[in-house]
Amino acid sequence: MLNPVKVGILGLGTVGGGTVHVLQRNAQEIARRAGRGIVVTHACAKELNQTHPYRTDDIVLTEQLSDVINHQAVDIIVELLGGTTIALDMTLQAIANGKHVVTANKALIAKHGNEIFAAAQEKGVMVAFEAAVGGGIPIIKAIREGLAANEIGYVAGIINGTSNFILSEMREKGSEFADVLVEAQRLGYAEKDPTFDIEGVDAAHKLTIIASIAFGIPLQFNQVYMEGITHISPEDVQYAEELGYRIKHLGITKRTDKGIELRVHPTFVPNKRLIANVEGVMNAVLVESDALGQSLYYGAGAGALPTGSAIVADLVDITRTLTTDPGNRVPHLAFQANALSDIPIVPIEEIESSYYLRMSAIDKLGVLAHVTQILSNNGISIEAIIQKEPINGAEHVSIVMLTHQVVEKQINKAIQAIENLDGIAGLVTRIRLEMK
Ligand code: HSE
């Protein structure tokens, strides 16, 4: 057997530790698959001390990133720094040094992937990013290679475990968003600053990557429509249940006559669908392609070992193809770099969807008639409607509706007119529906 491939890790936190653990625990199986061993020889970590858990004779530990990326013995760099500043510099420098890179950094790939892949192609090295989407689920490989025969039309995924955990808990316990967020932070599912997870940014990073490899388009993070889950109330969760739906935070990308849709937002999904039953921190991605039809990929979207599993799979892939002519490797974005297409991204106002609407109305004659008149004037047909008796003589009642499909700018126009009615208090809650 050839000498082992040498890996240098930048960042020895949860995921870095998981990667070392998987490589060591399954060393023999990995070598049987890769054709040679894969060993971590160098690692950069913060605040090293004599009792650091990875202080072994086999791994050279350092606090200097340059000690790893410039070491001539290291073949592959695993970038686990997070963020997009130092991580970008280090990745580009590693590429310039002729090293292959494996990263779990979805923000880095979503925002700077075009530049990174161009540099890698120029240098004839690989940049692999399976762990950037769906944690341990091999979704990049499934779309990029497993579905290579297909024209892909649609991908929808639960790609942020924190949001899914919060929505699951809100449904099971009838809790408020803010209370579940605190619980998620206590359990370590949500960060101290949870913005990226709960505002949809993390899901948008991942969706950017999925759309590129599904449709062969450049990475376009700044074109993703982004909505998080902070405005979802227990009332909406309850109405969803009553209407036969569940609220899921989905990343959706779709090929339509108008172009490619790229959007992340809370979504009503019929409760019989498999994806509606993905609970807690788990992730799932549904792909619709012309030859296979629907396929669903489910698994752990985060965690030391699941993410380590994806990183090590990339290490095995790179190891196997080290001697391959770069032109014959799987292209970074699934399609040959010179065959990427510039299909336009559809502005969110132009998408077509059905909608859930909830509004608070004064309980008096004619309010509902005005609301339905506005919808009708905008060509919006109502599919279902709920209005209950006022509770304990309350002045306001909730009116809830599901609409048929309509172009989003029409529903926005109608919502504005409804909010201007004297009989309507506050804003109208609007959540998109997805029927697949
Ligand atoms: N913060 C992410 C999530 C996990 O909640 O799914 C890493 O991508």
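Start at 1 and go down the list; that is how both ligands and their atoms are numbered. Note that the structure is predicted; figures quoted are calculated from it, not measured.
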Ignoring hydrogens and angles, write down the donor-acceptor pairs under 3.5 Å from the side chains of residues 21-33, residues two or more places apart or on other chains.
residue, atom, partner, partner atom, Å
E29, OE1, R32, NH1, 2.5

Output side-chain donor-acceptor pairs under 3.5 Å for residues 116-125, partner residues at least two apart or in another chain, one line each.
residue, atom, partner, partner atom, Å
K123, NZ, A96, O, 3.3

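In this view, R144 satisfies the salt bridge (charged side-chain N to carboxylate O under 4.0 Å, His left out) rule with no residue, not counting sequence neighbours.
Listed as neighbours of ligand 1 are K106, N160, G161, T162, D197, D202, K206, A302, each bearing a heavy atom under 4.0 Å from the ligand.
With hydrogens and angles disregarded, no donor-acceptor distance shorter than 3.5 Å links the side chain of T267 to the backbone of V269.
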Exercise. For M282 and Y298, run side-chain contact (heavy atoms from CB on, under 4.5 Å): C-alpha distance rounded to whole Å, both residues' side-chain angles, the deciding distance at 0.1 Å, then the answer.
Key: CA-CA 7 Å; M282 300 305 279; Y298 168 88; 3.4 Å; yes
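K106 forms no cation-pi arrangement with F129, by the criterion of a distance under 6.0 Å to the ring centre and an angle within 45° of the ring axis.
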